[in-house]
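Keep in mind the model is a prediction, meaning the values are calculated, not measured.
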Number of protein chains: 2
Amino acid sequence: MSECCVHPEKTEEIKGQLPDSCQLFDLAELFKMFGDSTRIKIISVLTHRELCVGDIAAALDMGQSAISHQLRLLRQSGLVRCKRQGKTMLYALADSHVQDIYRIGWEHITESEGDGNA
Amino acid sequence: MSECCVHPEKTEEIKGQLPDSCQLFDLAELFKMFGDSTRIKIISVLTHRELCVGDIAAALDMGQSAISHQLRLLRQSGLVRCKRQGKTMLYALADSHVQDIYRIGWEHITESEGDGNA
DNA sequence: CCAACATATGAATATATGTTCATATGTTGA
DNA sequence: TCAACATATGAACATATATTCATATGTTGG
């Protein structure tokens, strides 16, 4: 067993700095929405324009149902909003934060190597 | 059935704008690392300082093994780096992008409401 | 080299999650 | 109101993932 290196004082200080557990949970839930190939593709196409469900499904070569399910999750997480237009539903990114997160993630993977600071 | 609203020309244009499928996969994998409560907690404590495995486990009230497994995933994704210091392993965030992504996500959830642009 | 410690890792288990299928809901035009 | 369309949704299934347990690896001091 052994309690590992555990430095009690340091540990307590860290605990004090750790944000509220619920907020960290929400934060994880937020990133989880970006953490699926289908959803990130949806977000990607929505960065260019608003689209209806059928066009998203066609562009991604996926079933309407799968897209709809994922759009529901994105909606519930507040990442996309939708408005009805006749028989179709137009989806769009909810706010600029979504684009910001997408963009910074994109920058990270395209730079693709450690920047060797430190 | 029905092919939904599918506008063929629009769909083709969207497909053309869609980034490489592999890159989107990598992007999803990146965000997936942030999309788990345990890992986001680890990232959170590492934003303040570098820490050894045991202290992270103690601060998070979790088993050493669970933390070690998650640290391995974070390492493999290039989000944290580690260096040995005697018997312990010191972990730190790999680069500033990790902090950036964390911070922007944090801003999003703390503002917690749509900014109503558009 | 050996004992004690710190971390890593493989296997097993439980749970979460994504897609599909079938069908329900809601909208439009005749 | 009815038929055709676009989307939403529940259930079922397959897969992915997180944690635990046991144990292996690697380091230090005697």
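A salt bridge between A:Lys10 and A:Glu13 is absent, with no side-chain N of the basic residue lying under 4.0 Å from a carboxylate O of the acidic one. Of the charged side-chain nitrogens involved, none lies within less than 4.0 Å of a carboxylate oxygen, so that A:Arg81 and A:Asp95 do not count as a salt-bridged pair.
Whole-Å rounding puts the B:Leu71 CG to D:dT19 P distance at 12 Å. Counting to the nearest Å, the P atom of D:dT7 and the OH atom of A:Tyr91 are 9 Å from each other. B:Arg81 places its CZ atom 18 Å from the C1' atom of C:dT7, with the value rounded to the nearest Å. Between the CG atom of B:Leu73 and the P atom of C:dG10 there is a distance of 12 Å, given to the nearest Å. Distance B:Ile56 CD1 to C:dT7 P: 9 Å, rounded to the nearest Å. For the pair A:Leu60 CG and C:dT20 P, the interatomic distance rounds to 12 Å; values are reported in whole Å. Distance CD (B:Gln76) to C1' (D:dA18): 15 Å, rounded to an integer number of Å.
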Exercise. Output, in order, the C-alpha distance, side-chain angles, deciding distance and verdict of side chain to side chain contact (heavy atoms under 4.5 Å, CB included) for A:Phe31 and B:Met33.
Key: CA-CA 8 Å; A:Phe31 285 123; B:Met33 287 301 110; over 6 Å; no
Quiz item: Please walk me through it: do B:Tyr91 and B:Leu51 pass side chain to side chain contact (heavy atoms under 4.5 Å, CB included)?
Solution: CA-CA 5 Å; B:Tyr91 278 86; B:Leu51 289 168; 5.9 Å; no
Quiz item: How does protein contact run along nucleotides 9-14 of chain D, one letter per nucleotide 5' to 3', with B for base contact, S for sugar-phosphate only, - for none, heavy atoms under 4.0 Å?
Solution: BBB---
Self-check item: Nucleic acid footprint by protein, nucleotides 24-30 of chain C - heavy-atom cut-off 4.0 Å, B for base, S for sugar-phosphate alone
Solution: ---BS--
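Counting heavy atoms from C-beta on, the side chains of A:His97 and A:Asp100 come closer than 4.5 Å.
Under the side chain to side chain contact (heavy atoms under 4.5 Å, CB included) rule, A:Gln70 has a single partner from A:Ile56, A:Ile42, A:Ile43, which is A:Ile42.
With 3.5 Å as the limit, one finds no donor-acceptor pair spanning the side chains of A:Thr47 and A:Tyr102.
Note on B:Gln70: every side-chain N or O is 4.0 Å or more away from OP1 and OP2 of D:dT17.
Proximity of residues 23-44 of chain B to DNA chain D (heavy atom under 4.0 angstrom from any strand atom) is restricted to B:Lys32, B:Asp36, B:Thr38, B:Arg39.
Shown here for B:Arg75 and B:Cys82, the closest heavy-atom pair between the two residues is CD-SG, 3.7 Å.
The distance from atom NE2 of B:His7 to atom SG of A:Cys52, rounded to the nearest 0.5 Å, is 5.5 Å. The distance from atom CD of B:Glu50 to atom CG of B:Leu46, rounded to the nearest 0.5 Å, is 9.0 Å.
Counting heavy atoms of neighbouring residues, nucleotides and ligands inside a 6.0 Å radius, atom CD of B:Gln85 does not exceed 12 of them.
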